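Here is the structure we will look at, set down as structure tokens.
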Amino acid sequence: MSDEDDLEDFEPDQDDFEKEDDEKETEEEEDYRKEEEEFPEEWLPNPLSEDMMKEGLSLLCKTGTGLGHAYVKLEVKERDLTDIYLLRSYIHLRYVDVSENHLTDLSPLNHLTHLLWLKADGNRLRSAQLNERPYLQTASFAYNQITDTEGISHPRLGSLNLKGDQRCWPSDLIRFPGRPAHSYLLQADRGCLFLPQSWKFITA
């Protein structure tokens, strides 16, 4: 009998097939479990470090008193940051970009008394609340989970970006502390606010 006849007469054992399928499913389950361990639902703590600060700082300027110099610009985007507590010590910063991280709290920015420009897009923020920043002119919190404008009370703020956050803004007027009610007109069907003069409010 030839080898070809042997192959034609050979009938695979069904038990062997089932055993192979079971082994394959087990391997797939193990791979899936490993992926879950490597990519947990909650991000691991990753605070802002001094090394990151050194890489992100730029623009050396005189301090407010004019008696010294300090770096006033910081860019630490796309660093998987979960904590920016370290910024409490960098009070001279004026331009801060912490976008595309995993931040849920911006309270350390309350210590930046000369903050002019802030970009915190693409984080996990549920609120844009900060203490009143007397010099803040531009703030962007796009693509977070912000549902209201509570805590946005900065007297010189001229541009506020909430694009991609709450899609259904209230149908009545949204009041900002320190601003007259007639300054804000909400067009509900388009989800945007019309602000006077140099004000710009972006939600879509």
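Atom set for the values below is all heavy atoms of this structure, side chains included, hydrogens, waters and symmetry mates excluded. None of these values were measured; they are calculated from a predicted model.
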Q | Atom pair CG/OG1 of Leu48 and Thr82 - distance to nearest 0.5 Å | A | 10.0 Å

Q: Could you tell me the separation between the CG atom of Leu87 and the OG atom of Ser107, rounded to the nearest 0.5 Å?
A: 10.5 Å

Q | Closest non-hydrogen atom pair, Leu115 against Arg94 | A | CD1-O, 3.6 Å

Q | Minimal non-hydrogen separation, Met53 against Leu74, with atom names | A | SD-CD2, 3.8 Å

**Q.** Residues that, via side-chain heavy atoms closer than 4.5 angstrom, fall in one hydrophobic cluster with Tyr135
**A.** Leu59, Val72, Tyr95, Leu116, Trp117

Could you give the side-chain donor-acceptor pairs of residues 126-134 under 3.5 Å, partners two or more places apart or in another chain?
residue	atom	partner	partner atom	Å
Arg126	NH1	Gln145	OE1	3.4
Arg126	NH2	Gln145	OE1	3.3
Ser127	OG	Gln129	N	3.0
Arg133	NE	Asn131	O	3.2
Arg133	NH1	Asn110	O	3.0
Arg133	NH1	Leu112	O	3.1
Arg133	NH2	Asn110	O	3.3

Q | Inter-residue atom distance Gln137.CD - Leu118.CG, 0.5 Å rounding | A | 13.0 Å

Q | Which atom of Ala120 lies closest to which atom of Leu106, heavy atoms considered | A | CB-CD1, 4.2 Å

Q. Any chance the side chains of Ser99 and Asp97 put a donor and an acceptor closer than 3.5 Å?
A. yes

Q | Phe141 side chain reached by Leu125 side chain, heavy atoms, under 4.5 Å | A | yes

Q: Compare all side-chain heavy atoms of Met52 with those of Asn46 and state whether any distance is below 4.5 angstrom.
A: yes

Q) Checking Asn144 side chain against Ile146 main chain: does a donor-acceptor pair fall under 3.5 Å? A) no

Q) What's the verdict on side-chain contact (heavy atoms from CB on, under 4.5 Å) for Tyr71 and His92, showing C-alpha distance, side-chain angles and the deciding distance? A) CA-CA 7 Å; Tyr71 289 107; His92 299 293; over 6 Å; no

**Q.** ILVMFWY clustering at 4.5 Å (side-chain atoms), partners of Leu67
**A.** none

Q) Which value, rounded to the nearest 0.5 Å, describes the distance between Lys73 atom NZ and Leu93 atom CG? A) 12.0 Å

Q) Can you tell me if Asp121 uses its side chain to pair, donor with acceptor, with the backbone of Asn161 under 3.5 Å? A) no

Q) Roughly how far, to the nearest 0.5 Å, is the CD atom of Glu100 from the CG atom of Leu103? A) 11.0 Å

**Q.** Gap separating the CG atom of Asn123 from the CD1 atom of Ile84, nearest 0.5 angstrom
**A.** 8.5 Å

Q.
For a quick test of reading the model, state the closest non-hydrogen atom pair linking His154 to Leu136 and the distance between them.
A. CD2-CD2, 3.7 Å

Q) Can Leu44 be reached from Tyr85 by stepping across I, L, V, M, F, W or Y side chains whose heavy atoms are under 4.5 Å apart? A) no

(Q) Which heavy atom of Ile91 sits nearest to which heavy atom of Arg88, and what is that distance? (A) CG2-O, 3.6 Å

